[in-house]
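Structure first, commentary second.
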Amino acid sequence: MLRGMAALTDTHAHLCDPLFDADLGKVLERARQASILAIVSVSENLADAGKNLELAARHPMIRPAAGLYPTILDMDLAREMRDFIRVHKDKLVAIGEVGLDYWRIQEEPGREIQREIFRGFVGLSGELGLPINVHSRSAGRLAVAILLEAGARKVQMHAFDGKSSAALPAVEAGYFFSIPPSVVRSEQKRKLVKKLPLSSLLIETDSPVLGPAARERNEPANALIAVRAIAELKGMEEAEVIEAVSGNTRRLYGDSFS
Ligand SMILES: [Zn+2]
């Protein structure tokens, strides 16, 4: 359908999820047919991270990331994950997903642990020069503040649920915002796409969730749905959007994403 156009990257998906165990080959084939060249597969824990490395060894289009999901409030597991990332840094394309989730964690003691763990991953991202793939739920403004304070430079805010006013300091710092297919059913995400410059947008799917229909399994081929929504909201051609987000992806993740 998009033959001859720039290739796309799904910059945040969970291909290690057991929901993809039975038909991953077909899922990847549909992604290829939708012009998707690469998929950043993020991890929520050590088991995910190991599985993502294995998947990447078998399927070159899968690019592994390792991180600890923000609702896991365990300093020992956070240290183990940082050690894993150091050991495997040459194979990993990012640290993620990590961040803050104030929707799930509502008590201050838990939030404090969450912030400390997040700061540890932000610091490691700077130390290793690896992009950081950030989850921020009901904590967008704070996550951005922590990243700016730490001087983070290679940042992707995934499925950002805040206002554009909370996003703009991050845009000014050169951070990127990845837009999932659920943009078609989210007024908040549509507003965000309208207000943020195309030069700061990436495409993601967060497969198996955040698809165009709430309860159906999402997959990387649906990245094109996010492209189409951005094109509509910004009054541009899909090809222009693909060209721009491909360039943005290379600026964050490097030239192997082209
Ligand atoms: Zn995710």
Side-chain angles (χ1 to χ4, degrees), residues 8-21 24 27 31 36 38-53 55-56 62-73 77-78 81 84-85 92-105 114 117-118 121-122 125 130-140 143-144 147 154-162 167 175-186 188-189 192 201-223 225-226 249 252-253:
L8 266 178
T9 297
D10 176 353
T11 59
H12 184 116
H14 299 253
L15 294 179
C16 55
D17 191 292
L19 284 174
F20 293 113
D21 283 352
L24 183 62
V27 166
I36 290 145
I39 302 160
V40 177
S41 192
V42 298
S43 309
E44 298 188 0
N45 52 46
L46 279 171
D48 280 3
K51 186 168 173 182
N52 276 326
L53 285 181
L55 292 176
I62 297 180
R63 312 293 174 91
L68 192 68
Y69 202 72
T71 55
I72 303 173
L73 305 176
L77 287 179
M81 182 55 78
F84 180 96
I85 292 166
L92 296 169
V93 299
I95 295 175
E97 69 180 282
V98 294
L100 301 177
D101 194 317
Y102 275 20
W103 189 73
R104 294 268 302 276
I105 305 299
Q114 203 173 59
I117 290 175
F118 181 43
F121 286 120
V122 175
S125 159
L130 275 176
I132 187 163
N133 204 306
V134 178
H135 169 111
S136 59
R137 197 173 191 191
S138 303
V144 166
L147 288 156
K154 297 183 177 179
V155 177
Q156 171 180 350
M157 303 302 293
H158 123 81
F160 192 74
D161 70 352
Y175 298 177
F176 294 93
F177 289 77
S178 51
I179 307 299
S182 61
V183 64
V184 299
R185 55 184 169 87
S186 162
Q188 176 268 337
K189 291 213 168 27
L192 197 66
L201 300 185
L202 302 170
I203 299 293
E204 66 158 303
T205 64
D206 206 16
S207 299
V209 297
L210 297 192
R215 263 167 275 280
E216 280 169 32
R217 185 184 76 166
N218 191 18
E219 65 174 61
N222 287 336
I225 293 171
T249 303
L252 179 61
Y253 283 102

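Indexing begins at 1, ligand by ligand and atom by atom, following the structure's order.
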State the atom name: nearest N, O or S atom of H14 to the Zn ion (ligand 1).
NE2
Nearest 10°: the angle subtended at the Zn ion (ligand 1) by E97 OE2 and H12 NE2?
90°
Which of S178, P181, P220 passes side-chain contact (heavy atoms from CB on, under 4.5 Å) with E204? It is S178
Do Q156 and Y253 have side-chain atoms, one donor and one acceptor, less than 3.5 Å apart?
yes
With no hydrogens and no angle check, do the side chains of H12 and N133 hold a donor and an acceptor under 3.5 Å apart?
yes
Between T205 and D10, is any side-chain donor less than 3.5 angstrom from a side-chain acceptor?
yes
Atom of D206 nearest the Zn ion (ligand 1) (restricted to N/O/S, atom name only)
OD1
When you measure from the Zn ion (ligand 1) to the N, O or S atoms of E44, does any of those distances fall below 2.8 Å?
no
